[in-house]
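First the structure, in the form of structure tokens, and then the observations on it.
Hydrogens, waters and symmetry mates are skipped; everything else that's a heavy atom, side chains included, is used.
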Amino acid sequence: MITALLLIFVAGYTFIALEHKLRINKAGVALLMSGVMWGVYALWSHADAPNETVAQLGDTCEILIFLIGAMTIVDLIDIHEGFSVITRHITTRSPRKLLWLTVTITFFMSATLDNMTTTIIIIMLLRRIIPDKHLLMLFAGITSSRPTAAACGHPSAMSPPSCSG
């Protein structure tokens with residue numbers, strides 16, 4: 001089973017590495033590769049492992065379904081110009097003021113919304129406000145790091161540091 005999983009991984013990784021020459025979508029190859037690897041693992045695992053596999057696959061599917069739903073809602077809001085309400089009121093062109101403003105918006109949004117949804121919304125807002133790709137990546141990294149760290153379970157993002165020495 002391990003040999004089959006390694007061969008599938010190496011083949012998939014080769015297709016991803018040769019994406020430009022083969023003119024294929026690396027995201028599609030990665031999804032197909034991971035699906036085939038999960039299938040091989042589920043079919044060839046030991047007798048007590050299917051319950052573990054179903055539990056792990058269930059957790060993964062739960063996250064994927066949540067993200068697909070959140071991204072669909074955010075995209076629908078964007079298509080119907082729902083973010084223009086916020087972007088119209090942002091008139092500053094100073095990067096420093098814009099950073100403080102987006103960090104503040106992120107802070108309050110993550111207090112009321114789910115952290116991953118907040119990250120998706122903030123990235124979408126930043127794409128509307130900042131035309132420069134380099135500055136956009138910098139702002140996206142700074143403003144989305146707190147909600148993403150909290151959603152991933154990073155302790156420093158969810159609670160103050162403990163003083164127990």
Per the side-chain contact (heavy atoms from CB on, under 4.5 Å) rule, which among Ile77, Ile79, Thr72 passes with Asp75? Ile79
Show every salt bridge (charged side-chain N to carboxylate O under 4.0 Å, His left out) that has at least one partner inside residues 115-129, sequence neighbours left out. Asp78-Arg128
Minimum-distance pair of heavy atoms, taken over all atoms of Thr143 and Thr106: O-CG2, 3.2 Å
So if you build clusters from Ile, Leu, Val, Met, Phe, Trp, Tyr with side-chain heavy-atom gaps below 4.5 Å, do Leu67 and Ile123 land together? no
Going from CD1 on Ile105 to OG1 on Thr118, what distance comes out if it is rounded to the nearest 0.5 angstrom? 11.5 Å
I'd like a table of donor-acceptor pairs (distance under 3.5 Å, sequence neighbours excluded) in which one partner is a side-chain atom from residues 2-29, with atom names and distances.
from: Thr14; atom 1: OG1; to: Val10; atom 2: O; distance (Å): 2.6
from: Asn25; atom 1: OD1; to: Ala27; atom 2: N; distance (Å): 3.0

Spacing of CE belonging to Met137 relative to CD1 belonging to Ile142, to within rounding of 0.5 Å: 13.0 Å
Spell out, yes or no, whether Leu125 and Trp100 are grouped together once hydrophobic residues are joined by side-chain heavy atoms under 4.5 Å, including indirect joins. no
Check: Leu113 main-chain N/O paired with Thr117 side-chain donor or acceptor under 3.5 Å: no
Please tell me if the side chains of Phe139 and Ile122 come closer than 4.5 Å, counting only heavy atoms from C-beta onward. no
If you look at every heavy atom in Arg88 and Thr91, which pair is closest and at what distance? O-CG2, 4.0 Å
Atom OG in Ser84, atom NE2 in His89: separation rounded to 0.5 Å? 9.0 Å
Return yes when atom CE of Met71 has more than 12 non-hydrogen atoms of other residues, nucleotides or ligands closer than 6.0 Å, and no otherwise. no
So how far is it from Leu126 CG to Thr87 OG1, rounded to the nearest 0.5 Å? 11.0 Å
If hydrophobic clusters are built from ILVMFWY residues whose side chains come within less than 4.5 Å, do Leu31 and Leu64 share one? no
Report yes or no: do Leu138 and Leu99 belong to one cluster of Ile/Leu/Val/Met/Phe/Trp/Tyr joined by side chain heavy-atom distances under 4.5 Å? yes
CD1/Ile129 to CD1/Ile90 distance, rounded to the nearest 0.5 angstrom? 3.5 Å
CD1 (Ile86) and CE (Met124) are apart, to the nearest 0.5 Å, by 12.5 Å
Quick check: is Val103 connected to Leu101 through a chain of hydrophobic side chains (ILVMFWY, heavy atoms under 4.5 Å apart)? yes
